[in-house]
Structures are given as structure tokens and as C-alpha cells.
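Worksheet for the structure shown next.
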Amino acid sequence: MSEIAGLLADSAERLFGQRLTKAVRDEADQGGLTGGLWDACAELGLDLAALTEARGGAGLTDADLCAMARLAGRHALPVPLVETWLAERALATAGLEPLPEGTSATISPVLLSDAPELLRDGGTWRLSGTLRRVPHGRHARVLVVIAQTAEGWRTVRMDAPDPAALDRNYAGEPRDSFRLDGVSVTAIGEGGSRDDLHFDGALFRAAQMAGAMERVLDMTVAYAKERAQFGRTISKFQAVQQQIARLAGEAAAASAASHAAGDARSLGPARFETACAKLRAGEAAGEVAAIAHQVHGAVGFTHEYHLHFLTRRLWSWRDEFGSEAEWSDWVGAIAGKVGGEGLWAFLVKPDPALTAGPKELAGG
Amino acid sequence: MTFQSFSLQDAALPPDLDRLREEVRDFLSDERRAGHYERTPDGWDRYDPDFSRRIGAKGWIGMTWPEQYGGRARTSLERYVVTEELLTSGAPVRAHWLADRQIGPLFLAYGSEEQKAEYLPRIAAGDCYFCAGLSEPDSGSDLSSIRTRAERSDRGWRVNGRKIWTSYAHRAHYMNLFARTSPRDEKHRHAGVSQFILDLASPGVSIRPIVNIAGDHDFNEVVFEDVFIPEARLIGQVGGAWGQVSTELAHERSGSERWVNSFGALVAMTDISADLEAGAGQVGRLTAHLWTLHRMSFAIAAMIQRGVVPMAEAALVKDLGTSFDQAVPAAARDFITEERRADLGPERLAAIDHAALYAPSHSIRGGTREILRGIIARELGLR
Ligand SMILES: Cc1cc2nc3c(=O)[nH]c(=O)nc-3n(C[C@H](O)[C@H](O)[C@H](O)COP(=O)(O)OP(=O)(O)OC[C@H]3O[C@@H](n4cnc5c(N)ncnc54)[C@H](O)[C@@H]3O)c2cc1C
């Protein structure tokens with residue numbers, strides 16, 4: 001990690017520790033506004049972490065951003081931090097102004113089947129389409145949309161309108177819909193890629209999952225050492241030890257995959273690495289959450305206890321920006337193109353040319 | 001401890017790893033073109049002394065050892081790259097494998113000057129092969145219970161007892177023998193065991209094959225009747241074997257050989273999946289696992305390079321690796337049905353069949369899954 005990223009991470013760690021009280025989490029859980037928390041994050045400059053040096057930012061690498069996303073995941077941070085980073089990236093690609101300090105933003109489309117369209121109507125540009133499952137849609141001040149035109153992709157920045165429908169993921173995080181019906185827009189930049197958004201979203205979700213799993217491991221180890229039954233702590237039962245060892249293995253695999261993908265993304269498109277990391281972390285998330293709940297017994301199933309803030313996010317993040325089923329089809333198709341004989345060489349040094357095409361909607 | 005040490009960002013990566021990788025690949029494709037080996041269903045697990053000598057001549061055995069002992073003073077990461085390429089290409093490297101991986105580092109850490117001078121150059125040349133004599137009929141996971149005895153005799157030791165499951169004892173020159181040199185003491189269960197170099201051609205050694213479930217002869221039973229071992233062949237301290245063994249086990253467990261055993265099967269499945277337009281999901285999932293394991297092992301090699309003994313990390317990667325080796329043939333079942341099997345024919349399936357039959361062995365040898373998870377649990381402070 002670079003020095004500046006390290007400093008930022010240290011202050012973020014302290015901030016999350018102080019501010020993420022049960023009351024704040026419960027408020028977020030109900031889809032409530034956690035404005036104070038967002039402002040505190042912005043005060044540290046976390047919102048601008050993805051700003052490149054050229055755009056006046058600190059120039060964190062993707063590996064650094066992934067480390068920050070792991071930190072956010074470890075704390076089950078309930079504000080649109082990585083979404084704001086994704087929005088800033090899309091703005092940068094399209095040459096649009098950076099977000100002002102302290103502005104929360106979100107991005108669409110996160111579903112490959114959503115295809116907003118930008119049409120010229122005389123002198124104005126009009127944006128139409130349904131945008132579904134938009135992360136933190138109701139709370140974000142700015143909405144960045146990647147839209148199709150006859151001449152290719154455009155990136156549009158607008159004040160977030162009122163959602164047409166409110167929805168949420170397992171963790172209670174807002175996943176809202178917007179219906180845009182020829183809304184006139186002015187901040188339009190050339191270029192943008194729904195696929196880049198999809199891959200970078202997957203990269204950050206993998207990191208968030210890896211972070212959350214680190215915390216779940218710590219909690220599970222601590223709980224097992226504390227909870228006593230049959231006259232000893234449950235950590236002394238071999239059946240429990242073996243399960244927690246498995247949990248540790250899965251969490252370590254997710255962490256390694258996230259680190260490796262982040263390192264690779266600092267150097268290039270890293271689509272293959274991102275897909276592998278999302279897939280591996282997602283698989284691990286399922287195992288880790290299941291084992292953690294088993295070890296915690298009934299108390300882990302209560303709303304009062306902290307575990308679910310992490311496990312419900314793991315279940316959600318697994319599915320978002322491509323589930324394991326979708327990514328494994330994609331990776332498998334690439335492997336098939338590469339062929340068995342070349343598979344190893346590709347795996348060691350993936351050729352970006354083979355992963356450059358648009359990600360198709362998975363068949364099943 | 002949360003096992004988060006898998007980032008390579010901080011590792012000082014030697015700049016020319018890519019070039020080295022290319023060099024190994026070029027060599028291996030020349031070897032295949034010359035008809036010296038081909039990818040076979042059993043992959044790297046083949047004994048081929050001629051091939052080992054050619055690898056030795058390239059300087060790829062004992063790479064990290066000092067040059068005075070026939071080594072090349074390369075880094076652990078360079079060694080890692082070479083071994084990974086050898087293994088994934090299915091090169092027949094089994095003959096020198098154990099000596100390169102475990103015995104060399106053991107000698108360097110604990111061997112006498114005379115032992116280093118005598119064995120290391122021959123190992124590095126690909127000329128001298130070892131097997132591992134730990135398990136006995138009544139001692140598997142609990143190695144503190146071994147009974148094979150070495151008793152002092154004139155200018156050396158006399159060994160009596162029996163080892164079992166000794167892989168390639170019938171082809172190796174020497175055994176790295178674990179034997180009791182004083183009676184078992186319940187209070188110090190790991191004391192009283194010493195390590196020796198046992199010449200397998202010595203009088204009193206008999207080796208009996210044990211055929212495995214795949215019909216192959218890999219492991220053996222080895223019986224010792226009054227076998228003489230000269231004093232100079234004690235490794236390290238009398239009674240010090242357990243103190244000496246932990247680095248050796250970390251080396252044994254962390255390498256890519258723990259997850260390449262089914263690689264040939266994945267290669268076959270990838271092509272079959274593309275032809276049949278089925279099973280992409282299975283192949284994709286396995287590929288992501290393999291990529292992750294490759295990165296984890298590489299990170300462990302970086303830890304070794306930094307002088308850390310990654311005991312728990314190695315156990316963790318071996319556990320994940322063996323699960324992967326077992327998951328490969330299991331996933332093949334999901335799309336290679338009995339109907340398709342008949343169409344594909346035996347040749348295209350040979351590597352998958354081999355992987356299916358060898359699957360149970362991976363989570364037993366080199367420390368069972370349960371023992372490894374016990375090591376991880378200890379590291380987490382649970383026991
Ligand atoms: C293909 C192959 C090659 C081998 N090559 C060699 C070789 O070259 N040299 C050599 O010395 N050995 C070799 N071995 C032996 C190997 O090291 C042993 O098989 C292994 O250590 C396990 O011992 P065991 O088979 O006696 O099983 P056991 O130790 O009897 O274990 C049986 C079962 O009980 C479980 N168990 C045992 N103790 C515990 C515990 N404390 N807690 C929970 N569960 C436990 C085990 O995990 C396992 O599931 C080889 C084995 C195989 C399969």
C-alpha cells in the first residue's frame with residue numbers, strides 16, 4: 001500500500017470504529033439516511049479516493065482502492081463509497097468534471113439487461129430507460145448513467161431523480177429503480193463502458209467480501225473461545241475447530257484473490273483476474289457465512305448480534321455485479337477459447353485481447 | 001493471525017521472472033519435440049532419471065542452494081516459477097523431487113559439512129534420489145508413536161523396524177529415515193526421534209511393493225533387519241528430528257504440487273467442454289480456483305524468500321489445493337455423462353479417469369486434511 005493510502009486507511013479504521021454504532025447500523029438497515037456518516041467519510045476524503053492525480057486527487061492505485069474497499073467491507077460500511085468511486089471513474093473516462101467534495105454518487109446500469117438510451121431531440125439530449133437495482137439510489141446526490149446512442153456509448157451525469165420504486169438487498173442496502181422518460185440532460189461525455197463498470201463493480205465487491213470475511217473469521221474465532229458448553233469453550237471441540245479452519249481457508253483464498261486482482265488492475269484491464277476474484281470470493285462467502293452462523297448458534301441469528309450485518313452483505317455482494325453462476329460461465333467460455341494446452345500460460349499472464357469483448361448476459 | 005499475508009505488493013519480485021518462465025517453457029517444448037516426454041494422464045508423477053539429469057544440467061535442481069554445493073543461488077521465487085512450469089507441463093520430475101524440495105533444505109539447515117559436500121552436488125545434478133521414511137503400520141498421523149529403532153553400535157547405528165507407504169522406495173537411492181533413538185517418553189512425545197540417511201542398497205533392507213487402487217506401484221513396505229548406518233549419516237542432532245522437521249514440512253506442503261495433480265484433467269475438460277458446448281460453468285469455476293491457488297503459492301514462496309517459515313499458511317494452501325485436486329474430477333461428472341463418455345472414447349478421458357482414481361490420496365498424503373486443519377486451528381488460537 002502507498003504511504004498516503006496507508007494513512008487514509010488508518011484514519012478510516014478509526015472513524016469506522018467510532019461512528020458505526022448499533023444505532024447507525026439499525027438506521028441504515030431500515031433504508032434510512034446515514035448522512036452524518038457519509039459526511040464524516042467525506043471529511044477524511046474517502047469519497048475522492050478514486051480521483052486520479054490528473055484530476056486533482058491523491059492518485060491511489062487500484063490495489064490501494066481494493067485495500068480500502070476491503071476495509072469498508074470489514075466494517076460493513078453502509079454508505080455508497082465504492083459506488084461514488086465507480087461514478088468518478090466513469091466521469092473521468094468521459095472527460096466530465098469530477099464530483100465536488102462530499103458528494104455521494106451512484107451509477108447505472110448495474111444490470112447488463114438495462115439499456116438506457118440517449119436521443120437527440122432538436123438541441124437537447126434526452127435520456128430514457130429503466131434503471132434497476134441502483135445501489136443507494138435514493139440517497140445518492142448524483143447519478144451517473146452509461147447510455148447508448150446511435151454513435152456509441154455516452155456517459156451522462158445528472159442530479160439523482162426520485163426513484164420510481166424502492167427496493168433493497170438482503171442487507172437492507174437500497175437497490176432502487178429509476179424510470180427516465182426522455183429526461184433532458186446536459187452533462188454528457190463521450191465514451192464510457194457498461195462493461196468496465198461491471199468489471200470494476202465486481203472488483204470492488206470482491207474486495208468488500210474479502211474484508212467482510214476477515215471480520216467474520218475474527219468474530220467467529222473470538223466467539224468460539226468465549227462460549228462455553230459441556231464445561232469447556234466450544235473452541236476445544238474438534239468439530240468446531242475443523243469448521244473454523246475451513247472458514248479461515250476460504251477467507252484467505254478470497255483475500256488472496258482480491259489482492260491479486262487489485263494488483264493486476266493497477267497495471268491493466270485485469271478482466272480475467274477480476275472475474276476469477278469475484279467468483280472465488282463469492283464462493284468463499286457462501287461457505288464462510290454458513291460456517292460462521294453454525295458456530296455462533298442461535299445468538300448469531302438475532303438482529304441484536306453483529307454477525308448478520310456482515311453475512312447479509314456477503315449474500316448480497318455475491319450476487320451483485322455478476323453471481324458465481326454468471327462469472328463461471330464467462331471464465332469457462334474464455335478458457336474454452338484459450339484451449340486446454342494454452343490454459344496455464346493464459347492463467348499466468350492473461351491476454352487482455354481475449355477478454356475485451358462485451359460481457360454477454362449469461363444464459364443460465 | 002488472520003492469514004492476510006497473501007499480497008505480493010510488498011514482495012521484492014526479481015525482475016526477470018518472466019524471462020525465466022519463458023526459458024523453462026522453451027526448454028520443455030524442445031524436450032517434447034525431441035520425444036523425451038509427453039503429457040500423460042499421470043502428469044508429473046513419473047520417475048525418469050534421464051529427464052532429471054537434463055533438468056539438473058539446466059541448473060533447475062537445488063536452484064536456491066549455494067553454488068559451492070552445486071546450487072545456483074537463485075531466489076525462492078525463481079525456484080517457484082521453474083517448479084510450477086515443470087509440474088503444469090506434466091514433465092516427469094518425480095525422481096529428484098523430494099531430494100530437491102526437502103532433503104536439500106534439510107541438509108543446508110542441519111547437515112554436516114561432509115554431508116553437504118557429499119550429497120548436495122549429486123542431488124543438484126539430478127543423480128541422487130531420496131524417499132521419505134516416516135509412516136509405519138501403527139504410525140500415520142501420530143508420528144510420535146513410531147517404533148523403528150536405531151541403536152548405537154560400533155561406529156554407527158543398527159536399525160530394526162518397518163516403514164510403510166514409502167513412495168518410490170523401490171527406485172530411490174536413499175531414505176530420509178525417522179527412527180527412535182531413545183524410548184518414547186509420554187511427557188516429551190516428540191523427543192527421542194532422529195533422522196538418518198539410509199542407503200537403500202544396504203544389507204538387511206527389503207522392499208515390498210504395495211499396489212494402489214489405480215493398479216499402480218507407487219508406495220512400498222520397507223523392512224529393516226539389523227541395517228547398519230555409519231555415524232556420518234545421522235542428520236543433525238540425536239533426538240532432534242521433530243525440531244528439524246517443521247521447515248521441511250512447510251516446504252513439502254506449500255508448493256504447486258499440491259494442486260497440479262488434476263491439472264491434466266482440467267486441460268482435457270476444457271477442450272471437451274468447448275467441443276460439447278457444455279460444462280463451461282464447471283471449467284470456469286475450477287479455473288478461478290486454480291488461478292487463486294497459483295497466486296497463493298506464489299505469495300508463500302515470497303514469504304519463504306523473506307525468511308518466514310509459513311507453517312500454517314502452507315497447511316492452509318495444501319488443504320485448499322487438495323480440495324481442488326478432488327473437485328476437478330467431481331466437476332467432470334457434472335457434464336461428461338456416461339452417454340458422452342462413450343462418444344469421447346478412452347483417450348480423451350484418461351487424465352480425468354486418473355484424477356478420479358487418485359483423488360482420495362491427495363487429502364491423506366503429506367498430512368491429512370484433518371491434521372492440516374488442526375494446524376490452522378492452532379494458529380488461530382483455538383487449541
Ligand atoms: C499416495 C500416498 C503416498 C504416501 N507416501 C508416503 C511416503 O513416501 N512416506 C511416508 O512416510 N508416508 C507416505 N504416505 C503416508 C501418509 O503420510 C499417511 O497416510 C498419513 O500421514 C496418514 O496416516 P494414516 O494413513 O495412517 O492414517 P491415520 O493417521 O490412521 O488417519 C486415518 C483417519 O483418521 C484421521 N485422524 C487421525 N488422527 C486424527 C486426529 N488427531 N484428529 C482428527 N482426525 C484424525 C485422519 O485425518 C484420517 O482421516 C503416503 C500416503 C499416500 C496415500
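Residue numbers begin at 1 in each chain, while the letters A, B, ... track the order of the sequences.
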Quiz item: Which distance, rounded to the nearest 0.5 Å, do you find between the CD of B/E84 and the CG of A/L347?
Solution: 8.5 Å
Practice problem: Might you point out which heavy atoms bring A/A253 and B/T292 nearest each other, and give the distance in Å? | Solution: O-CG2, 3.4 Å
Self-check item: Residue pair A/R280 / B/W291, side-chain heavy-atom distance below 4.5 Å
Solution: no
Practice problem: Sort B/E277 into side chain, backbone, both or neither according to what part of it lies under 4.5 angstrom from a heavy atom of chain A. | Solution: neither
Quiz prompt | Flag, side chain of B/D271 to backbone of A/G339, donor-acceptor distance under 3.5 Å | solution = no
Quiz prompt | B/E31 atom CD, neighbour heavy-atom count above 12 within 6.0 Å | solution = yes
Quiz item: If you take all heavy atoms of A/A335 and B/V283, which pair is closest and at what distance?
Solution: CB-CG1, 3.9 Å
Quiz item: Quick one: what part of B/H289 sits under 4.5 Å from any heavy atom of chain A, side chain, backbone, both or neither?
Solution: both
Practice problem: Any chance you could lay out the side chain to side chain contact (heavy atoms under 4.5 Å, CB included) test for A/R246 and B/I376, step after step, and finish with the verdict? | Solution: CA-CA 9 Å; A/R246 251 188 79 215; B/I376 299 165; over 6 Å; no
Quiz prompt | Contact summary for B/L316 and A/A252, nearest pair of heavy atoms | solution = CD2-CB, 3.8 Å
Self-check item: chain A contact via B/R378 - which portion, at a heavy-atom distance below 4.5 Å
Solution: neither
Quiz item: Is it the side chain or the backbone of A/V348 that comes within 4.5 Å of chain B heavy atoms, both, or neither?
Solution: both
Practice problem: Among the options A/E273, A/K337, A/E324, pick out the one with the most heavy-atom pairs lying under 4.5 Å from chain B. | Solution: A/E273
Quiz item: How far apart are the closest heavy atoms of A/G340 and B/T270, and which atoms are they?
Solution: N-CG2, 3.9 Å
Quiz item: Out of A/I244, A/I334, A/V240, which one racks up the most heavy-atom pairs below 4.5 Å with chain B?
Solution: A/I244
Self-check item: Toward chain A, the part of B/D275 with a non-hydrogen atom under 4.5 Å
Solution: neither
Practice problem: Quick one: pull up CG in A/L343 and CG in B/L290 and give me the separation to the nearest 0.5 Å. | Solution: 7.0 Å
Quiz item: Where does A/A333 contact chain B at under 4.5 Å (heavy atoms): side chain, backbone, both or neither?
Solution: backbone
Quiz item: Are side-chain heavy atoms of A/W327 and B/R285 found at a separation under 4.5 Å?
Solution: no
Quiz prompt | Euclidean distance, A/Q242 CD relative to B/R369 CZ, rounded to 0.5 Å | solution = 9.5 Å
Quiz prompt | Minimum heavy-atom distance A/E341-B/V267, with the two atoms named | solution = N-CG1, 4.1 Å
Self-check item: Interface moiety of A/K278 toward chain B, non-hydrogen atoms closer than 4.5 Å
Solution: neither
Quiz prompt | Close side-chain approach of A/H259 to B/R295, heavy-atom, < 4.5 Å | solution = no
Exercise. Look at A/A345, A/P350, A/A275 and state which one has the largest set of heavy-atom pairs under 4.5 Å with chain B.
Key: A/A345
Exercise. Determine yes or no for a side-chain-to-main-chain donor-acceptor pair under 3.5 angstrom, with A/Q241 supplying the side chain and B/R373 the backbone.
Key: no
Quiz item: Within a reach of under 6.0 Å around CG of A/L267, are more than 12 heavy atoms found that belong to other residues, nucleotides or ligands?
Solution: yes
Self-check item: From A/T220 atom OG1 to B/L380 atom CG, the distance as rounded to the nearest 0.5 Å
Solution: 10.5 Å
Quiz item: Of the backbone (N, CA, C, O) and the side chain (C-beta and beyond), which part of B/T287 lies under 4.5 Å from a heavy atom of chain A, both, or neither?
Solution: both
Quiz item: Roughly how far, to the nearest 0.5 Å, is CZ of B/R383 from OG1 of A/T233?
Solution: 13.0 Å
Quiz item: Can you tell which of A/A210, A/S235, A/S328, A/G332 has the highest number of heavy-atom pairs within less than 4.5 Å of chain B?
Solution: A/S328
Exercise. Using a 4.5 Å cut-off on heavy atoms from C-beta on, say whether the side chain of A/K236 contacts that of B/L382.
Key: no
